[in-house]
A.B. asks: 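Below you will find the structure I want to go over with you.
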Amino acid sequence: MTNESPVIQGERVALPVEIRDAAVASAMFAVPAPAARDLIAYAGLAPAARFGRAVCSLAAVRYADGDLGAYHEFAVAFLVRDPVDGGIGAFIHWLPVNQSFTLEAGRSIWGFPKEMADIPLDLAGRVKRCAVRFGGRTALELAVRPGAPLPTRSAAPSIVAFSHLDGVTRRIPWTVSPTGVRMRPGGATLRLGDHRVADELRALGLDGARALSTSTVTRMTMSFAGAEEVR
């Protein structure tokens with residue numbers, strides 16, 4: 001397990017790491033299971049496939065208050081089979097952020113594949129918009145149109161996240177508690193630009209694809225426990 005109190009840029013970070021206020025806009029897409037399996041084979045994990053299709057999730061997150069500070073993040077993830085208990089988890093394939101503290105913490109504590117990027121993000125308007133850029137070049141742009149409100153759950157659901165960095169796959173227990181959730185079928189516009197990950201998403205058929213569903217969360221709290229090595 002990860003050290004209970006790692007030191008990041010001279011500051012000790014207690015585990016579990018708590019996020020007290022975040023907002024999210026996300027979209028889920030069905031992709032060919034063989035292509036998804038080949039893409040994430042490096043992690044030794046298998047997509048949670050059904051009828052030959054796997055699920056790829058794209059999420060833009062604004063962290064307003066938490067133990068790692070305020071920052072923007074964009075995630076490319078795949079639903080995978082948990083090799084520990086056979087359940088469903090989320091494998092984080094790509095995770096650009098726009099602040100150095102969370103970048104170092106994410107890589108050193110959990111092995112998340114964080115890299116520095118410019119991430120302009122607008123979650124205040126009716127249509128939620130995010131872009132990921134490197135040196136002025138756009139990797140991708142995502143727009144999410146909110147759907148109908150959903151009831152708020154009383155209990156915080158537990159999720160398992162998986163990461164892979166420097167040849168090591170890790171399993172991270174994660175709990176989330178969302179409020180102000182809206183969801184709808186479709187509702188996403190994805191534009192792919194000039195980047196390795198954009199090319200990967202094109203190869204999965206996401207250029208111009210219709211989303212299975214989109215969701216927005218006005219406020220979410222989260223808790224990340226330490227990571228356990230899977231292999």
Side-chain angles (χ1 to χ4, degrees), residues 8-9 22-32 35-43 47 54-64 66 68-78 90-108 110-146 161-167 186-212 214-217:
I8 306 298
Q9 297 183 4
V24 184
S26 64
M28 301 182 76
F29 296 86
V31 299
R37 182 172 57 249
D38 291 346
L39 179 60
I40 66 173
Y42 65 90
V55 174
C56 176
S57 172
L58 309 181
V61 189
R62 183 190 67 230
Y63 292 88
L68 303 183
Y71 62 98
H72 294 172
E73 177 179 273
F74 190 89
V76 174
F78 294 86
F91 172 62
I92 311 301
H93 174 62
W94 189 52
L95 199 64
V97 295
N98 70 342
Q99 297 295 330
S100 65
F101 187 86
T102 186
L103 184 147
E104 183 177 333
R107 293 179 69 89
S108 62
W110 301 287
F112 283 133
K114 293 191 175 185
E115 60 179 288
M116 191 69 73
D118 178 25
I119 308 178
L121 179 58
D122 178 11
L123 300 183
R126 175 165 176 76
V127 178
K128 318 304 179 184
R129 301 182 185 278
C130 178
V132 180
R133 298 189 177 115
F134 297 89
R137 291 165 45 186
T138 299
L140 56 81
E141 296 177 342
L142 178 67
V144 172
R145 297 179 293 281
F162 291 91
S163 66
H164 183 89
L165 192 67
D166 298 330
T189 301
L190 175 64
R191 300 185 186 280
L192 299 174
D194 179 17
H195 189 270
R196 167 186 59 83
V197 173
D199 292 339
E200 291 173 350
L201 297 180
R202 280 193 190 90
L204 292 173
L206 295 191
D207 194 4
R210 174 180 168 83
L212 289 172
T214 52
S215 62
T216 58
V217 181

A.B. asks: Do you know which two heavy atoms are closest between L206 and L192, and how far apart they sit?
C.D. replies: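 Looking at all heavy atoms of both residues, the shortest contact is C-CD1, 4.4 Å.
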A.B. asks: Once side-chain hydrogen bond (donor to acceptor under 3.5 Å, both in side chains) is applied, do any residues pair with R137, and if so which ones, sequence neighbours excluded?
C.D. replies: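 Here the qualifying residues are D194.
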A.B. asks: Measure across A77 and I92 and return the closest heavy-atom pair with its distance rounded to 0.1 Å.
C.D. replies: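 Here A77 and I92 meet closest at CB-CD1, 3.9 Å.
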A.B. asks: After noting the C-alpha distance and the side-chain angles of R145 and T214, does the key distance pass the side-chain contact (heavy atoms from CB on, under 4.5 Å) rule?
C.D. replies: CA-CA 8 Å; R145 297 179 293 281; T214 52; 5.9 Å; no
A.B. asks: So how far is it from S215 OG to K128 NZ, rounded to the nearest 0.5 Å?
C.D. replies: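 It is 12.0 Å, given to the nearest 0.5 Å.
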A.B. asks: For Y63, which residues count as a ring pair (Phe, Tyr, Trp, His ring centres under 6.0 Å) partner, sequence neighbours excluded?
C.D. replies: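 Result, ring pair (Phe, Tyr, Trp, His ring centres under 6.0 Å) vs Y63: Y71.
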A.B. asks: Can you run down the ring pair (Phe, Tyr, Trp, His ring centres under 6.0 Å) pairs that involve residues 115-137, sequence neighbours left out, and say none if there aren't any?
C.D. replies: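 Listed by first then second residue: F134-H195.
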A.B. asks: Before you tell me yes or no, could you show the steps for L201 and C56 under side-chain contact (heavy atoms from CB on, under 4.5 Å), namely the whole-Å CA-CA distance, both residues' side-chain angles and the distance that decides it to 0.1 Å?
C.D. replies: CA-CA 9 Å; L201 297 180; C56 176; 4.3 Å; yes
A.B. asks: For D207, what residues pass the side-chain hydrogen bond (donor to acceptor under 3.5 Å, both in side chains) criterion, not counting sequence neighbours?
C.D. replies: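 Testing D207 for side-chain hydrogen bond (donor to acceptor under 3.5 Å, both in side chains), a comparison that skips the adjacent residues, returns none.
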A.B. asks: Pairs in or reaching into residues 113-127: which pass side chain to side chain donor-acceptor pair (under 3.5 Å), with residues at least two apart or in two chains?
C.D. replies: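 Qualifying pairs, neighbours excluded: W94-E115, T102-K114.
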A.B. asks: Compare every heavy atom of P113 with every heavy atom of H93, then report the nearest pair and how far apart it is.
C.D. replies: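 Closest approach of H93 to P113, heavy atoms only: O-CG, 3.6 Å.
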A.B. asks: Of the non-hydrogen atoms in S26 and A59, which two are nearest, and what is the gap between them?
C.D. replies: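 Shortest heavy-atom contact: CB-CB, 3.8 Å.
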A.B. asks: Where do I119 and P96 come nearest, in terms of heavy atoms and distance?
C.D. replies: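 Smallest interatomic distance, heavy atoms only, reads CD1-O, 3.4 Å.
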A.B. asks: Over all heavy atoms of both residues, which pair between A211 and A27 is shortest? Give the atoms and the distance, please.
C.D. replies: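 Closest heavy-atom pair between A211 and A27: CB-CB, 4.4 Å.
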A.B. asks: Sub-3.5 Å donor-acceptor pair from the side chain of S57 to the main-chain atoms of F78, do we have one?
C.D. replies: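 Here the side-chain-to-backbone pair does not exist.
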A.B. asks: Output all residues satisfying salt bridge (Lys or Arg N to Asp or Glu O under 4.0 Å) with R133, sequence neighbours left out; order by chain, then residue number.
C.D. replies: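 Once residues adjacent in sequence are excluded, the partners of R133 under the salt bridge (Lys or Arg N to Asp or Glu O under 4.0 Å) criterion are E141.
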A.B. asks: What is the distance from atom CG of L95 to atom CG of L103, rounded to the nearest 0.5 Å?
C.D. replies: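 So the CG of L95 and the CG of L103 are separated by 9.0 Å.
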A.B. asks: Test of understanding: with side chain to side chain contact (heavy atoms under 4.5 Å, CB included), list the residues that count as partners of I8, not counting sequence neighbours.
C.D. replies: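 Applying side chain to side chain contact (heavy atoms under 4.5 Å, CB included) to I8 gives V13, F101, E104, A105, S108, I109.
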A.B. asks: Name all residues meeting the side chain to side chain contact (heavy atoms under 4.5 Å, CB included) criterion together with R210; count only those two or more places apart in sequence or in a different chain, and write none if there are none.
C.D. replies: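 In terms of side chain to side chain contact (heavy atoms under 4.5 Å, CB included), with neighbours along the sequence ignored, R210 is linked to P185.
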A.B. asks: Once ring pair (Phe, Tyr, Trp, His ring centres under 6.0 Å) is applied, do any residues pair with F112, and if so which ones, sequence neighbours excluded?
C.D. replies: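 Scan of F112 (ring pair (Phe, Tyr, Trp, His ring centres under 6.0 Å), adjacent residues dropped) gives W110.
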A.B. asks: Can you list everything that forms a side chain to side chain contact (heavy atoms under 4.5 Å, CB included) with D199? Sequence neighbours excluded, please.
C.D. replies: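 By the side chain to side chain contact (heavy atoms under 4.5 Å, CB included) rule, D199 matches R202.
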A.B. asks: Excluding sequence neighbours, so at least two apart, what forms ring pair (Phe, Tyr, Trp, His ring centres under 6.0 Å) with F29?
C.D. replies: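 Here no residue qualifies.
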A.B. asks: What residues, two or more places apart in sequence or in another chain, satisfy side chain to side chain contact (heavy atoms under 4.5 Å, CB included) together with R62?
C.D. replies: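 Partners of R62 by the side chain to side chain contact (heavy atoms under 4.5 Å, CB included) criterion, ordered by chain and then number, come out as A23, H72, L121, L123.
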